[in-house]
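Here's the structure, in C-alpha cells; my notes come after.
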Amino acid sequence: MVLLSATLTGRTAADLIGAYRTGARRTGAGHTDQEPITSPYPGWVHVSATTGKVTPHGPLPTTREREVAVDLHLARHTHDPAAPGGRAARVLAELEPAASGTGCALVVCNVVADAQATRRMLTQRWGEDGPQVVLLHARLPLWQRIERTDLIERMVGSKGTRPARPLVVVATQVVEQSLDWDFDLVVSDLAPMSLLLQRAGRCHHHDHPRPAWAPVPRLVVLSPPGGLPAPSWGDVYDTSLLRRTCDALRRLHGPIAIPGAVPGLIADVYDAAWDPARMDGDDAQRLAREQAQAAAADMVMILPPAQVTDLYPLTSALDPDLAVTRLGGESRRILPVWPTDTGWTFTTADGPAELPDKPNKEDVRSIILSTVQVRSTWLTGAGPETLPPSPWQDIPALRDIALIPQDKTTGRWRAPDGRTICLDPVDGIIRE
C-alpha cells in the first residue's frame with residue numbers, strides 16, 4: 001500500500017498505518033501488537049508487512065522552505081464593488097498593484113457561481129485594456145478547460161514565459177492540486193486549512209522575478225463576517241472546519257513557515273475536533289457525519305480475495321440512494337444543444353457542429369470534449385428531451401450523456417426544479 005499526502009493529519013496518518021499493520025477491517029498485514037506510530041513532516045513512513053515494524057524517515061530537507069504572509073479579512077459576501085466592506089471591493093483593492101503595473105495573481109473561489117461573478121466584475125471594472133482575466137473551473141466544456149489550462153501553463157508554469165500584460169486567473173478548487181503554477185499573489189475565499197495551504201502553494205512557487213509590490217509570498221483570505229459558510233457556498237465545506245480554520249488564522253502572529261508549521265496548523269484544525277473539551281455544536285455534527293460515512297463505507301467494503309465466494313454482493317450491497325445521501329451526489333455529463341431546421345448542433349472547439357445520430361469515432365471524441373460534468377440532481381425529473389439519440393445506447397462513452405436543449409428565444413433550458421441551465425461562451429455552464 002502506498003499513501004501520498006501533503007496535508008494529512010497526524011491522527012489520520014496513524015489510523016491508516018495502524019489499520020494496515022493490524023489488518024483492521026479484514027485487510028492488512030495482520031500484526032496485533034501496538035507499535036508506536038509517528039509521521040514526520042516532511043517525510044515518509046515504511047511499514048514492513050512481514051515484521052510490522054514502523055520506520056519513520058524524516059523530517060527531510062527541502063529547498064522550498066518559505067514563509068507565507070497571511071492576511072485574513074472579513075468581507076461581506078457580495079459581488080458589488082461599490083458595497084463598502086464587501087468581497088468585491090476587497091478583491092479589487094488587493095489586485096490594484098497588479099492591475100496598474102505588472103504581475104500575475106490568482107483568485108480562488110469556493111463555488112463556480114462566485115468565480116463566474118468575480119470574472120464578470122473584474123472585466124467590467126477594468127475593460128479590454130486592463131489585465132488579462134482567465135476563468136477556470138470544472139463546468140467548462142472539456143475542450144475549453146484544456147485550452148485555458150494550457151494557456152495558463154504557458155504563462156505561469158515552471159517553464160512558462162511571464163506575460164508583460166498583468167494576468168489574473170479566477171478559478172475554483174481545480175487549481176489546488178496537480179498544477180505546477182506560480183503566482184505573485186493568491187487571494188482565496190475561506191476554506192478548510194489543508195486546502196488553504198494547497199492554494200498558498202501556488203504563490204512564489206518558483207524562482208521567478210517578482211514585481212516590486214510582491215516581494216514575499218502572500219495569501220489573502222476572505223471570510224464572511226457573519227455565520228459560516230456564506231449562503232452561496234452551500235454545503236461545499238464543513239462548517240466546523242471553516243470555523244476552526246478562521247480561528248486558527250486569527251491566532252497567527254506572523255507568516256506561516258512552510259513546511260515547518262504545516263503539521264501544527266493541520267492538527268489544530270482537524271485533530272482538535274475530537275477533543276471533547278474543545279468541541280462545539282458544529283464539531284458534533286461533523287463527527288456524526290463522519291461516523292455515518294464510515295458506516296456506509298463498511299457496508300460496501302471489498303473483502304480480501306480469499307473471502308470472496310460470490311461476485312454479486314460486490315455490486316449489490318448498497319442502495320444507490322444511500323450512496324448519494326451519505327457519500328456525496330453523483331455526477332452526470334451534459335451536452336448543451338441548439339435547435340436548427342434539420343436537427344441539433346453543439347459547440348466544439350472549431351465552432352458549431354451538427355449533432356450526429358450515428359456518430360463515428362471522431363464524432364464520439366468531439367462530443368465527449370464538448371460535455372460538462374454537473375451534479376446529477378440537476379436533472380432529477382428531466383423529460384425525454386434530454387435523452388440522447390437511441391443509437392448512442394450502443395456506444396458506452398455516449399449512452400449516459402444528457403442533452404440540454406437550449407431554447408431558441410431565451411438560450412436556456414428550464415429544469416424540472418424551475419432553475420435554468422445555459423452554456424455561456426466565456427463563463428461555461430450557468431445555473432440560475
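Bear in mind that the values here come from a model prediction, so they are computed numbers and not experimental data.
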Side chain to side chain contact (heavy atoms under 4.5 Å, CB included), that's the test. Do R251 and D268 meet it? Break it down for me. CA-CA 11 Å; R251 290 192 292 268; D268 189 30; 2.5 Å; yes
With the side chain counted from C-beta on, respond yes when F346 and P352 share a heavy-atom pair under 4.5 Å apart, and no when they do not. no
Determine which pairs satisfy salt bridge (Lys or Arg N to Asp or Glu O under 4.0 Å) with at least one residue from residues 390-416, sequence neighbours left out, and list them in order. R412-E432
Measure from the side-chain N and O atoms of T118 to the backbone N and O of D114, and report whether any donor-acceptor pair falls under 3.5 Å. yes
Short side-chain to backbone donor-acceptor contact, Q144 and V426, under 3.5 Å: no
From I395 CD1 over to K358 NZ, what is the distance, rounded to the nearest 0.5 angstrom? 10.5 Å
Is there a donor-acceptor contact under 3.5 Å from the side chain of Q116 to the main chain of D427? yes
Closest approach of R87 to D189 (non-hydrogen atoms, all atoms of both residues): NE-OD1, 2.9 Å
Pair listing, side-chain hydrogen bond (donor to acceptor under 3.5 Å, both in side chains) test, anchored in residues 158-173, at least two apart: R162-D182, R162-D184, Q173-Y237
Got a sec, which pairs hit salt bridge (Lys or Arg N to Asp or Glu O under 4.0 Å) with one end in residues 121-143, sequence neighbours left out? none
Where the side chain of R90 meets the backbone of H73, is there a donor-acceptor pair that is under 3.5 Å apart? no
Below 4.5 Å, heavy atoms only, C-beta onward: do L398 and Q393 meet side chain to side chain? no
Taking C-beta and beyond as the side chain, do V374 and S331 meet within less than 4.5 Å on heavy atoms? no
Atom CG in L106, atom CG in L185: separation rounded to 0.5 Å? 8.5 Å
Can you list the residues that meet the salt bridge (Lys or Arg N to Asp or Glu O under 4.0 Å) rule with D71, with sequence neighbours excluded? R218
Flag, side chain of R148 to backbone of L135, donor-acceptor distance under 3.5 Å: yes
Between A191 and L242, what is the shortest heavy-atom contact and its length? CA-CD2, 3.7 Å
Are L335 and S370 side-chain neighbours, meaning at least one heavy-atom pair lies under 4.5 Å? yes
Not counting sequence neighbours, which residues clear side chain to side chain donor-acceptor pair (under 3.5 Å) with W392? List them please. none
Can you list everything that forms a side chain to side chain donor-acceptor pair (under 3.5 Å) with W181? Sequence neighbours excluded, please. E153
Quick one: does any side-chain atom of R66 pair with a main-chain N or O of C203 as donor and acceptor, under 3.5 Å? yes
If you look only at distance, which donor and acceptor atoms sit under 3.5 Å apart when one is on a side chain in residues 381-390 and the other is two or more places apart or in another chain?
residue, atom, partner, partner atom, Å
E385, OE2, W413, NE1, 3.3
T386, OG1, G383, O, 3.0

Could you report the tightest heavy-atom contact between W143 and T347, atom names first, then the distance? NE1-O, 3.5 Å
So which atom in V45 and which in P40 form the shortest heavy-atom distance, rounded to 0.1 Å? CG2-CD, 3.8 Å
Name the one of V108, V107, L190, V91 that satisfies side-chain contact (heavy atoms from CB on, under 4.5 Å) with L222? V91
Give the C-alpha distance, both sets of side-chain angles, the deciding distance and a yes or no for side chain to side chain contact (heavy atoms under 4.5 Å, CB included) between I401 and T371. CA-CA 8 Å; I401 292 176; T371 60; 3.7 Å; yes
Non-hydrogen side-chain atoms of P163 and C104 separated by less than 4.5 Å: yes
Tabulate below the donor-acceptor pairs under 3.5 Å that side-chain atoms of residues 96-103 make, not counting sequence neighbours, or state none.
residue, atom, partner, partner atom, Å
S100, OG, E96, O, 2.9

Identify whether the distance between the nearest side-chain nitrogen and carboxylate oxygen of R250 and D247 falls below 4.0 Å. yes
Any donor-acceptor N/O pair, D363 side chain to N360 backbone, under 3.5 Å: yes
Identify, with sequence neighbours excluded, every residue that meets ring-ring contact (aromatic ring centres under 6.0 Å, His included) alongside H57. W44
Looking at every heavy atom in both I368 and A397, which two are closest together, and how far apart are they? CD1-CB, 3.7 Å
Report the residues that fulfil side chain to side chain donor-acceptor pair (under 3.5 Å) with T123, sequence neighbours left out, ordered by chain and then residue number. R119
To the nearest 0.5 Å, what is the distance between CG on L265 and CE on M193? 4.5 Å
When you measure from the side chain of Q406 to the backbone of I404, do you find a donor-acceptor pair of N or O atoms at a distance under 3.5 Å? yes
Intermediate values then yes/no, side chain to side chain contact (heavy atoms under 4.5 Å, CB included), H204 and R210: CA-CA 9 Å; H204 289 218; R210 302 293 166 190; 3.6 Å; yes
Looking at E147, I'd like to know if its CD atom is crowded, meaning that more than 12 non-hydrogen atoms belonging to other residues, nucleotides or ligands lie closer than 6.0 Å. yes
Assess whether side chain to side chain contact (heavy atoms under 4.5 Å, CB included) is satisfied between T420 and R431, documenting all intermediate values. CA-CA 6 Å; T420 61; R431 183 172 181 247; over 6 Å; no
Return the set of residues passing side chain to side chain donor-acceptor pair (under 3.5 Å) with N110 (not counting sequence neighbours), or none when no residue passes. R199
If the condition is ring-ring contact (aromatic ring centres under 6.0 Å, His included), which residues does H79 pass it with, not counting sequence neighbours? H77
Side chains of V175 and L136: does their closest heavy-atom pair fall under 4.5 Å? yes
Measure across W338 and L423 and return the closest heavy-atom pair with its distance rounded to 0.1 Å. CH2-CD2, 3.8 Å
Close side-chain approach of L355 to L403, heavy-atom, < 4.5 Å: yes
